[in-house]
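Note that the structure is a prediction, hence the values are computed from the model and not measured. Every chain is numbered from 1 and lettered A, B, ... according to where its sequence line falls, protein lines coming before strand lines. For the numbers below, each heavy atom of this structure counts, side chains included, while hydrogens, waters and symmetry mates do not.
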Amino acid sequence: MTDSDTDSKDSSAGPASSNFIRHMIAQDLAEGKHGGRVHTRFPPEPNGYLHIGHAKSICLNFTVAAENEGLCNLRFDDTNPEKESQEYVDAIKENINWLGFHWHGEVRYSSNYFSELYEFAVQLIGRSCAFVCSLSAQESREYRGSLTEPGRNSPDRERSVAENLDLFARMKAGEFEDGAYSLRAKIDMASPNINMRDPVLYRIRHIEHHQTGSEWCIYPTYDYSHCISDAIENITHSLCTLEFEDHRPLYNWILQHLDIHSLRAASDLADSDLDYVLPQQTEFAKLRLNYTMMGKRNLREMVESGVVSGWDDPRMPTLAGMRRRGFTPASIRNFCESIGVARSDSVVDMAMLEHAIRDDLDKVAPRAMCVLNPLKVTLSNIEAGHVESLSMANHPKDEAMGRRQVALTREIVIDRADFEEQPAAGFKRLRPGGEVRLRGAYVMRCDEVVKDDAGKVVELVCSVDKATLGKKPEGRKVKGVVHWVSADLGVKVSVRLYDRLFNVENPEAKDVADYRACLNPDSIVELSDCMLEAAAVGESAASSFQFEREGYFCLDVADSRAGKPVFNRTITLRDSWSD
RNA sequence: UGGGGUGUAGCCAAGUGGUAAGGCACAAGGUUUUGAUCCUUGCAUGCGUUGGUUCGAAUCCAGCCACCCCAGCCA
C-alpha cells in the first residue's frame, strides 16, 4: 500500500485502460526522467463543492500515482481569498476521503508558500524579469492589445530594479490600496500568446484569508503560484485541463527564470540527494455530461436561488449530492475509469454514469420489497390475524448476503401499476380473473375488483394457490411476478423519485438564454404513502437497497425522522417494458 | 482575422505503417419467482475532407473544412 492507494479493490473494474497519460508516464519512467518518481497532486480551489468533473481529475491523479508506486498530494489552490472559504476546504477533504483516496502527508495549501512565493518574486525582480506596474486594471486591459493586435509596453516596464524592490516591499507592507499597483512578469507584450504579455504575478487585496488571516495584503495569481507550488512539492506530473494549455509556456517561463538551486532549496526534497527536476504540465479534456450543468458559477447559482435544496441536493452533480442520492464511491471510480482520458472535447452520455451505479449496486445492494403506490389486496383464503413468515434471499445470486423473514398477511398492498382492468397486449401483471406470482410467495388470482363511487379501483379481492409456495403452478404458466408488502406489518415510508434536473442535453449551451427554462419539472416526485417491508428499516438495516422491480434506493439520513424514514431513488432498474 | 488545440459508430474510446480493441446505447435470441441481473449474437469495407508518399495509410506529408480554448489584478 502506498499513500495514494485506494481503500478497496474495485471488483468490477476491468483492466486499466490505455490512455495518453499512462503512456507518457510509462515512457518517462523508462527514460528515468524524474529519477523514477511519479508525484501528482489534486489542486482544487476551495471556492465551491467538488462535482463529478473533479472526480475525474481526482481519480486520474491518485490512480496514476498509485499504479506507479508514486504519491499524490492534496493542495488547496487558495490564492484568491475573495471567493474561498473554510467550509469548502472541509467539504472537499471529506469528499476525497469518501471516494476512497488518501493524499500523501499533510494537506497542502498554496498559502503555505506565500513567504517562498514572495522571495521568488523578489528574485525575479532582481533578475529584471518582473516589475511593479501602476496601470489600473482597465488601463492594463487597453495595453494588452487584442487577439490580432500586439500589446504595448507598460510605461513602468523599465523601472529600475531598486525602485521595483522598494515598491514591491511597500505593496507587501500595505502602503497602497487595492489595485494601485501590481507585480508583472517582463516577457513580451507582442507575444501571440496573450498569457505571455507581461502577466500579473501579484495583486493587492486588503482582505482576510481563510488560512493566513490578515498576514498578507498581496496575493499571487494562479499562473505565478501554481508552477512554483508544484516545484516546491516536487511534483513530477502536473495534470490539468485543456484550457490551461496556453498557460504552459508561462508555467515553464517562470520556473526557468528562477534560480534552480533556490527552487530546490525551497522544495520538500531539499535535503535528499535526488536530482532536482522541474515539474511538467500535461493537459487533458475535462468531463462533460449531458443533461448536466457543471460550471461552478451555475451550480452556486442554483444553490443560492433555491432551485435545489443545497450543494448536496440529490439532483446535483456534486459529490455531496451524488452521495446523498446513493451513488457509491466504487461506482464513481469505475465510471471515471470507463470514460477514459483524452484530449478531445467530448460529452459523456448520462447512460454511462447510470450504468456504473446500477452495475455496482446490483452486486452490493440487498433486495427488499417496497410498494410505491399502494393498492389494497385482500387475500380471501388467508385468515385474518394469521401471519405467515416467509424466508427470502437478500440477493438472488449471493447467498453470503443472507436471508430475511417477510410477513404475509390477509391484507397486503401491491403497486397500482401492477394491475390493469384492460391491459394492453404484452402486459404480464395482474388483470381481473388473472394470476400473478407474489414474489417469494404464492401465485395469486384476482377474483374481484372493488371500486368506489367514482369508479376508481380501491381494492382487489384475490385468493392464493397454496400449492405454489416455492413451486410452479400445475397446468398453467404464470408469467408475471409482483412485489408486495403486508398492509399491517409493513412500514410506511416516504420515497423521493429523482430524475434528471434538465430536459435539454446541454443546459449551458450558448443558445440557452436561461437554464431555468430547461428545468425538468418532474426532477423530484415525492411519494409519502409507500409501504416498505419491516426488515428494511431499523438500526441494522443497510443504507442502500434494491427495491425489487423498482430500482435502487437509499435512506436519506438528513431528512428521515423517527418513525418516518425517507428514501431517495438513486436510479431505476433498466426497463425493457416501459410503462 | 493572431495563437493554442481537437476531429475514429448515436455516446465515450483504443489504435503510434501491416489491413478498425473495448465499454455505453440500441436490436434480436436464451435463462429467470425482479419485464432486473446473467448469457449469446448483431451493430464502422470505415477513421472530418481532398490529394500525395508507400507493396500497404486511421497512422507519414500537403491543402481544405468543422468545432473548442485564450484579450480577469479568476482558477
Pair F567(A) + F547(A): ring centers closer than 6.0 Å: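 Yes.
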Centroid-centroid distance, F284(A) to F20(A), less than 6.0 Å: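 Centroid separation for F284(A) and F20(A): 6.0 Å or greater.
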Phosphate oxygens OP1/OP2 of [N]: is one of them under 4.0 Å from a side-chain N or O of [X]?
X       : N      : result
S346(A) : A13(B) : yes
R205(A) : C74(B) : yes
K472(A) : U33(B) : yes
R429(A) : G35(B) : no

For the base of [N], is there a side-chain donor-acceptor partner from [X] under 3.5 Å away?
X       : N      : result
E550(A) : U34(B) : no
R549(A) : U34(B) : no
H23(A)  : A14(B) : no

N/O-N/O pairs, protein side and nucleotides 24-28 of chain B side, under 3.5 Å:
{"unit_1": "C26(B)", "atom_1": "OP2", "unit_2": "R574(A)", "atom_2": "NH2", "d": "3.3"}

Please state how far atom [atom1] in [X] lies from atom [atom2] in [N], giving the value in whole angstrom units.
X       : N      : atom1 : atom2 : result
F545(A) : U37(B) : CZ    : C1'   : 19 Å
D223(A) : A75(B) : CG    : P     : 8 Å
K479(A) : A36(B) : NZ    : C1'   : 17 Å
M196(A) : A71(B) : CE    : C1'   : 16 Å
H483(A) : G35(B) : NE2   : P     : 10 Å
L147(A) : C68(B) : CG    : P     : 15 Å
L250(A) : C73(B) : CG    : P     : 12 Å
F244(A) : C68(B) : CZ    : P     : 19 Å

V200(A) to T221(A) - nearest heavy-atom pair and separation: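 Scanning both residues, the minimum pair turns out to be O-OG1, 2.9 Å.
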Ranges pairing with ranges for RNA chain B, where each run has three or more Watson-Crick or G-U pairs under 3.5 Å: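 For RNA chain B the paired stretches long enough to count as stems (3 pairs minimum) are B:2-7 with B:65-70, B:10-12 with B:22-24, B:26-30 with B:38-42, B:48-52 with B:60-64.
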Closest to the N80(A) side chain, choosing from A75(B), U34(B), A13(B):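 Taking heavy atoms from C-beta onward, the closest nucleotide is A75(B).
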side-chain hydrogen bond (donor to acceptor under 3.5 Å, both in side chains) between Y113(A) and E233(A), worked out: CA-CA 10 Å; Y113(A) 314 133; E233(A) 294 177 17; 2.5 Å; yes
Aro-ring/base stack Y222(A)-A75(B), d under 5.5 Å, angle under 30°: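 No, Y222(A) does not stack on the base of A75(B), since the centre distance and plane angle fail the 5.5 Å and 30° test.
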Derivation of the ring-ring contact (aromatic ring centres under 6.0 Å, His included) call for Y181(A) and F168(A): CA-CA 9 Å; Y181(A) 289 100; F168(A) 188 49; over 10 Å; no
Stepwise salt bridge (Lys or Arg N to Asp or Glu O under 4.0 Å) test for R248(A) and D223(A): CA-CA 9 Å; R248(A) 192 170 65 219; D223(A) 285 310; over 6 Å; no
Whether H54(A) and F42(A) hold their rings parallel, tilted or perpendicular, with breakpoints at 30° and 60°: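 Because their plane-to-plane angle is over 60°, the rings of H54(A) and F42(A) count as perpendicular.
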What does the list of N/O pairs under 3.5 Å between the protein and nucleotides 3-7 of chain B look like, with a distance for each?
{"unit_1": "G3(B)", "atom_1": "N2", "unit_2": "D246(A)", "atom_2": "OD2", "d": "2.7"}
{"unit_1": "G4(B)", "atom_1": "O2'", "unit_2": "D246(A)", "atom_2": "OD1", "d": "3.3"}
{"unit_1": "G5(B)", "atom_1": "O3'", "unit_2": "R343(A)", "atom_2": "NH2", "d": "3.2"}
{"unit_1": "U6(B)", "atom_1": "OP1", "unit_2": "R343(A)", "atom_2": "NE", "d": "3.1"}

